[in-house]
Amino acid sequence: MKSLTRLDLTDILHGCVILGTGGGGEMDEGIAYIDAALAAGKTFTLVDVDEVPAGRKICTPYMLGALSALSETEEAVYARLPKSDMSSMMTAFKRLEQYTGEKFYGTICCELGGSNTAISFYVAAMADGYIIDADVAGRAVPEITHSTYYFNDIPAAPIVAANEFGECFICENIIDDLRAETVVRALSVISRNDIAAIDHAMPIEQVKDAVIKGTISKSLAIGKAYRLAKEQGEDIAKAIASHGEGYVAFRGQVSQSHFSTEKGFTIGTVTIVGSGEYQHEQYQLEIKNEHLLARRNGEVDVTIPDLICCIDMDNQVAITTPNHHIGLNVAIVILPAPKEFVTERGLQAFGPAYVGLSTPYEPAVAKHFAKLGK
């Protein structure tokens with residue numbers, strides 16, 4: 001059990017933004033949640049999965065939606081709706097407590113990202129509960145089905161969702177996470193592309209062997225390594241690659257970027273022209289909320305579930321979707337996929353076929369170091 005300081009929390013969120021591969025929300029939103037809980041006199045306590053007492057209930061809170069801004073026409077649809085004084089997440093959590101009649105021991109994150117991890121922490125703190133040192137993705141992912149809950153056939157329902165207008169939805173009898181993705185995504189689309197949801201509200205013993213353990217501690221370690229490298233004027237891309245057991249795949253300038261919102265997702269492509277040792281080469285990212293596929297000189301280089309991290313070397317931060325602005329100097333860092341995602345079930349849900357490829361998955365990090373003879 002560890003009491004987290006604000007510095008710890010900031011390091012964790014920086015680590016989560018890096019591991020989030022473009023998704024998982026913005027860091028400033030996450031810090032706002034953390035500071036709101038601290039201002040309310042709340043504390044953040046991290047516990048191992050195996051420390052949670054048997055029978056105690058946990059839940060998984062998250063925000064779901066597109067990451068790109070709405071047009072003026074789309075915004076006008078919501079102009080007449082009053083905004084709730086309570087955050088959408090706390091609206092959902094309080095309704096969950098009422099619905100179940102339970103007090104929750106703590107929360108497990110749905111993914112790693114600047115705001116989605118923080119909002120799970122926020123719920124735990126505001127409820128005087130605990131942050132469980134685990135998540136179900138080991139990164140950020142586009143869909144609810146891209147999780148170890150789904151790989152282990154653990155049902156999400158009941159799901160409680162709420163939006164910024166105070167509208168609350170209770171979803172019962174959802175057959176599986178595939179259906180949950182469809183239902184909650186639809187609620188997000190009619191909620192200004194942003195909805196708070198809480199699912200997998202159940203005793204810890206039902207989920208403890210279906211999560212990726214230690215990912216919050218991992219985020220803390222990577223975030224701290226990033227911070228120290230930045231403070232000491234070192235190459236942050238190399239530091240991230242070293243501490244994440246990956247490698248730097250490319251460096252250059254963003255020459256093109258295009259994003260659109262489709263069915264509740266932010267879809268985009270980013271083109272990078274090489275610099276230094278990568279001069280005269282080109283790298284392209286294909287994005288669905290997160291960086292899912294990378295091509296080098298037109299050929300497939302890296303695919304999910306490996307982590308394709310894009311680092312803004314000018315501003316010394318990891319880039320989130322859709323903030324890949326033309327002219328940015330960037331580095332691409334590749335980190336290995338969580339082992340839970342390279343199983344047959346994991347690759348079926350979140351492997352090359354998901355991005356339209358018929359080729360089998362090749363672990364990029366292992367392939368890279370094999371070429372180097374390491």
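A salt bridge is absent between Lys213 and Asp135; no separation between the charged side-chain nitrogens and carboxylate oxygens falls under 4.0 Å. Under 4.0 Å is where a charged nitrogen must lie from a carboxylate oxygen, and between Lys238 and Glu234 no such pair does. Here Glu74 does not pair with Arg192 in a salt bridge; the nearest charged N to carboxylate O distance is not below 4.0 Å. With respect to the salt-bridge test (charged N to carboxylate O, under 4.0 angstrom), the residues Arg139 and Asp306 do not qualify. A salt bridge is absent between Lys2 and Asp133: the closest approach of a Lys/Arg side-chain nitrogen to an acidic carboxylate oxygen does not fall below 4.0 angstrom. Ion pair Arg296/Glu281 flagged as a salt bridge, since at least one NZ, NE, NH1 or NH2 atom sits closer than 4.0 Å to an Asp/Glu carboxylate oxygen. Using a cut-off of 4.0 Å between Lys/Arg side-chain N and Asp/Glu carboxylate O, Asp8 and Lys224 are scored as not salt-bridged. Electrostatic pairing of Arg295 and Glu286 counts as a salt bridge here, judged by a charged N lying under 4.0 Å from a carboxylate O.
Thr148 contributes no side-chain N or O that, together with a main-chain N or O of Phe151, makes up a donor-acceptor pair within less than 3.5 Å. Listed for the Thr107 side chain is no donor-acceptor partner under 3.5 Å among the backbone atoms of Thr60. A donor-acceptor distance shorter than 3.5 angstrom exists from the side chain of Thr321 to the backbone of Asn289, with no hydrogens or angles considered. For the pair Glu181 (side chain) and Ile144 (backbone), a donor-acceptor distance under 3.5 Å is present.
Scanning all heavy atoms of the two residues, the minimum distance from Ala210 to Ile154 falls at CB-CD1, 3.3 Å.
Of the candidates Arg227, Arg6, Lys218, Asp11 forms a salt bridge (charged side-chain N to carboxylate O under 4.0 Å, His left out) with just one, namely Arg227.
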